[in-house]
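Each remark here refers to the structure printed beneath this line.
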Amino acid sequence: MWFNQVQTILGASLVTHDQTLRSFASDNYAGVHPEVLTAIASANDGHQSAYGYDDYTQALRQKMRDEFGQQAETFVVFNGTGANVLALTAMMPRWGAVICSNLAHIETDEGGAPERVSGLKLFNVQHVHGKLTPESIATQVYDIGFEHRAQPLVVSITQSTEVGTVYSVAEIKAIADYCHENKLLLHLDGARIWNAAAALGVTFKEMITDTGVDVVSFGGTKNGVIAAEAVVVINPEAVDGLIFLRKLSMQLMSKMRFASAQLLALLENGLGMRSAAHANKMASHLRHLLEAKMESGEIVGLRFTNPTDANAVFACLPKEAIAKIREQVHFYDWDLKTNEVRWMCAFDTTEADVERFVGIISETLKP
């Protein structure tokens with residue numbers, strides 16, 4: 001195949017970094033899953049129609065219907081921010097507003113794109129471990145029909161949340177029921193949707209379609225693909241003009257077969273769920289090893305701040321210890337005021353990676 005030929009020709013010149021390096025900064029730091037790379041290579045030979053009229057995109061659309069229900073429509077995009085902005089734009093008129101958590105990715109980490117690009121308004125509310133509830137959403141559902149206030153029309157939740165927690169199926173259904181009873185639509189930011197489904201042990205249909213979610217931003221990048229995500233419309237009446245909005249939002253890729261082939265690879269033979277489950281398992285392993293050392297008194301000064309439901313561990317520890325540990329392993333600060341950090345695991349995190357990291361933390365925090 002062409003891919004192997006290129007490797008042979010270029011040889012060591014392809015290697016531009018230490019390929020043994022592992023961090024706990026982000027699952028975005030991980031590379032592309034080998035099986036996904038194979039899928040990209042397999043899709044490369046010959047010519048296929050552009051802009052989504054290729055065999056791979058058609059197959060993906062049907063596969064997504066198998067996963068979410070036969071009414072589901074899939075729109076492949078480049079990235080998560082694009083998926084969120086596109087979905088929310090299609091779900092409301094320009095005077096609409098979105099209710100979200102005050103740490104939602106659309107609020108804190110997308111450069112203002114939802115508001116600047118789409119022109120919509122975000123109403124953020126307090127969360128409990130990253131989650132919204134019907135009660136917290138209700139705090140922004142007022143002045144309906146009042147022309148001086150942007151109208152709350154959509155609720156957006158993140159699954160798994162920005163702090164690594166996972167909504168239960170019942171929690172999502174309660175939110176969806178509240179939304180629909182109050183003439184709101186429900187959007188789900190699924191940047192780590194695989195980790196959530198794997199953690200719950202449910203299908204996408206059980207977690208999304210059966211609970212009443214209207215539109216999903218379907219993530220892939222954090223689970224071993226590159227530049228391949230999608231907007232999945234569960235309720236066709238929830239969006240308007242999405243096919244046109246994708247183009248004018250610069251999210252319509254010409255060689256879409258390569259993105260679709262990657263998402264198909266995750267959906268084939270359970271690859272995506274296995275990869276996400278492994279990342280979750282490594283985060284759980286990291287936490288359990290540290291908890292054991294805390295209980296035995298081998299380390300002091302560490303406190304966990306959120307449940308570890310998926311592939312993230314959040315903890316507070318002394319500022320000096322954070323700097324010392326980071327000299328050997330990279331990770332991100334989460335809240336500088338409280339010395340809270342985030343440790344993320346990925347599909348390629350190994351038990352040896354975790355145990356080495358635990359050793360470094362233990363040495364730094366020993367009494």
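On a predicted model such as this, the values are computed, not experimentally measured, just so you know.
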* Structure fact -> Rounded to the nearest 0.5 angstrom, the OH-CG distance for Y167 and L132 is 4.0 Å
* Structure fact -> Nearest heavy-atom contact between N124 and S101 is CB-O, 3.8 Å
* **Under 3.5 Å: donor-acceptor pair, side chain of R246, backbone of V76** => yes
* pair P114-T89: side-chain heavy atoms closer than 4.5 Å -> no
* Please step through side-chain contact (heavy atoms from CB on, under 4.5 Å) for the pair F75 and V239, ending with a clear verdict. => CA-CA 12 Å; F75 298 81; V239 299; over 6 Å; no
* Asked: If you take all heavy atoms of V117 and V85, which pair is closest and at what distance?
  -> CG1-CG1, 4.0 Å
* From CD1 (I322) to CG (N339), nearest 0.5 Å -> 4.5 Å
* Sub-3.5 Å donor-acceptor pair from the side chain of T364 to the main-chain atoms of I360, do we have one? -> yes
* **Cluster overlap V166 with M344, hydrophobic side-chain contacts below 4.5 Å** => no
* With distance as the sole criterion, is a donor-acceptor pair present between the side chains of S136 and Q126 under 3.5 Å? -> no
* If you draw a 6.0 Å radius around NZ in K281, do more than 12 non-hydrogen atoms from other residues or ligands fall strictly inside? -> no
* Flag the pair H180 / Y178 as yes when their ring centroid distance falls below 6.0 Å, and as no otherwise. => no
* To do: Would you give the length of the straight line joining atom CH2 of W334 to atom OG1 of T305, rounded to the nearest 0.5 angstrom?
  => 9.5 Å
* Structure fact -> Residues pairing under ring-ring contact (aromatic ring centres under 6.0 Å, His included) where one sits in residues 88-147, two or more places apart or in two chains, turn out to be F146-H148
* To do: Indicate if L188 and V125 have the same hydrophobic cluster label, given that clusters are the connected sets of ILVMFWY residues with side-chain heavy-atom separations under 4.5 angstrom.
  => yes
* **Working for side-chain contact (heavy atoms from CB on, under 4.5 Å), residues Y51 and L252** => CA-CA 7 Å; Y51 299 107; L252 178 65; 3.8 Å; yes
* **I226 atom CD1: more than 12 heavy-atom contacts under 6.0 Å** => no
* For residues D353 and T350, is any side-chain donor paired with an opposing acceptor at under 3.5 Å? -> yes
* To do: Supply the atom-to-atom distance E268 CD to L266 CG, rounded to the nearest 0.5 angstrom.
  => 10.0 Å
* Which pairs, with at least one residue in residues 185-216 and sequence neighbours excluded, count as a ring-ring contact (aromatic ring centres under 6.0 Å, His included)? -> F68-F204, W194-F204, W194-F218, F204-F218
* List the steps and the verdict of salt bridge (Lys or Arg N to Asp or Glu O under 4.0 Å) for R287 and E291. => CA-CA 6 Å; R287 180 162 181 153; E291 285 176 335; 3.0 Å; yes
* Provide the closest heavy-atom pair for A30 versus F347 in the form atom of the first, atom of the second, distance. => CB-CE2, 3.8 Å
* E340 and L336: CA distance, side-chain angles, deciding distance, side-chain contact (heavy atoms from CB on, under 4.5 Å) verdict -> CA-CA 6 Å; E340 185 179 21; L336 291 172; over 6 Å; no
* Asked: Of the non-hydrogen atoms in A227 and A259, which two are nearest, and what is the gap between them?
  -> O-CB, 3.9 Å
* Asked: Checking H285 side chain against E355 main chain: does a donor-acceptor pair fall under 3.5 Å?
  -> no
* Asked: Do L200 and Q159 touch side chain to side chain, with heavy atoms closer than 4.5 Å?
  -> yes
* To do: Would you confirm whether E107, through its side chain, and L122, through its main-chain N or O, come within 3.5 Å as a donor-acceptor pair?
  => no
* Could you note down all residue pairs passing salt bridge (charged side-chain N to carboxylate O under 4.0 Å, His left out) where residues 120-149 supplies at least one of them, sequence neighbours left out? => K131-E171
* Structure fact -> Tested for side-chain hydrogen bond (donor to acceptor under 3.5 Å, both in side chains) against S217, the lone hit among N84, T158, D189 is N84
* Asked: Is it true that a side-chain atom of R342 and a backbone atom of A25 form a donor plus acceptor pair closer than 3.5 Å?
  -> yes
* **Approximate separation, where rounding is to 0.5 Å, of E206 CD and I172 CD1** => 11.5 Å
* For residues T209 and Q71, report the shortest heavy-atom separation together with the two atoms involved. => CG2-NE2, 3.6 Å
* Asked: Hey, is the main chain of E115 close enough, under 3.5 Å, to the side chain of S118 for a donor-acceptor pair?
  -> no
* Establish whether V354 and Y332 are linked, either directly or via other cluster members, by ILVMFWY side-chain heavy-atom contacts under 4.5 Å. => no
* Asked: Is there a chain of hydrophobic side chains (I, L, V, M, F, W, Y, each step under 4.5 Å between heavy atoms) that links L242 to M250?
  -> no
* Take Q262 and I40 through the test side-chain contact (heavy atoms from CB on, under 4.5 Å) and record every step on the way to the result. => CA-CA 7 Å; Q262 295 179 69; I40 295 172; 3.7 Å; yes
* Asked: Taking the side chain as C-beta and beyond, is there a heavy-atom pair between L365 and P318 under 4.5 Å?
  -> yes
* Crowding at CG, D177 (>12 non-hydrogen neighbours, <6.0 Å) -> yes
* Checking D54 side chain against Y56 main chain: does a donor-acceptor pair fall under 3.5 Å? -> yes
* Asked: Does any N or O in the side chain of S284 come within less than 3.5 Å of the main-chain N or O of N280, such that one atom is a donor and the other an acceptor?
  -> no
* Would you call V313 and F24 a side-chain contact if the rule is heavy atoms closer than 4.5 Å? -> no
* Check for a donor-acceptor pair, side chain of Q58 on one end and backbone N or O of G52 on the other, with a separation under 3.5 Å. => yes
* Inter- and intrachain pairs under salt bridge (charged side-chain N to carboxylate O under 4.0 Å, His left out), touching residues 295-312, at least two apart -> K293-E298
* Asked: So if you build clusters from Ile, Leu, Val, Met, Phe, Trp, Tyr with side-chain heavy-atom gaps below 4.5 Å, do M282 and M273 land together?
  -> no
* Answer whether the closest heavy-atom distance between the side chains of Y29 and L21 falls below 4.5 Å. => no
* Rounded to the nearest 0.5 Å, what separation is found between the CG atom of D214 and the CD1 atom of I234? -> 9.0 Å
* side chain to side chain contact (heavy atoms under 4.5 Å, CB included) partner of L88, the single match among V231, I106, V215 -> I106
* Asked: Does L120 reach the side chain of L153, with side-chain heavy atoms less than 4.5 Å apart?
  -> no
* Pairs in or reaching into residues 67-88: which pass salt bridge (charged side-chain N to carboxylate O under 4.0 Å, His left out), with residues at least two apart or in two chains? -> R65-E73
* Is I243 atom CD1 crowded by more than 12 heavy atoms from other residues, nucleotides or ligands, each under 6.0 Å away? -> no
* **Nearest heavy-atom neighbours spanning D27 and C345** => CB-O, 3.9 Å
* Partners passing side chain to side chain donor-acceptor pair (under 3.5 Å) against N223 (at least two apart in sequence or in another chain) -> none
* Under 3.5 Å, side chain of T165 to main-chain N/O of T161, donor-acceptor pair present? -> no
* E229/T221 under side-chain hydrogen bond (donor to acceptor under 3.5 Å, both in side chains): CA gap, chis, key distance, verdict -> CA-CA 7 Å; E229 312 228 344; T221 309; 2.5 Å; yes
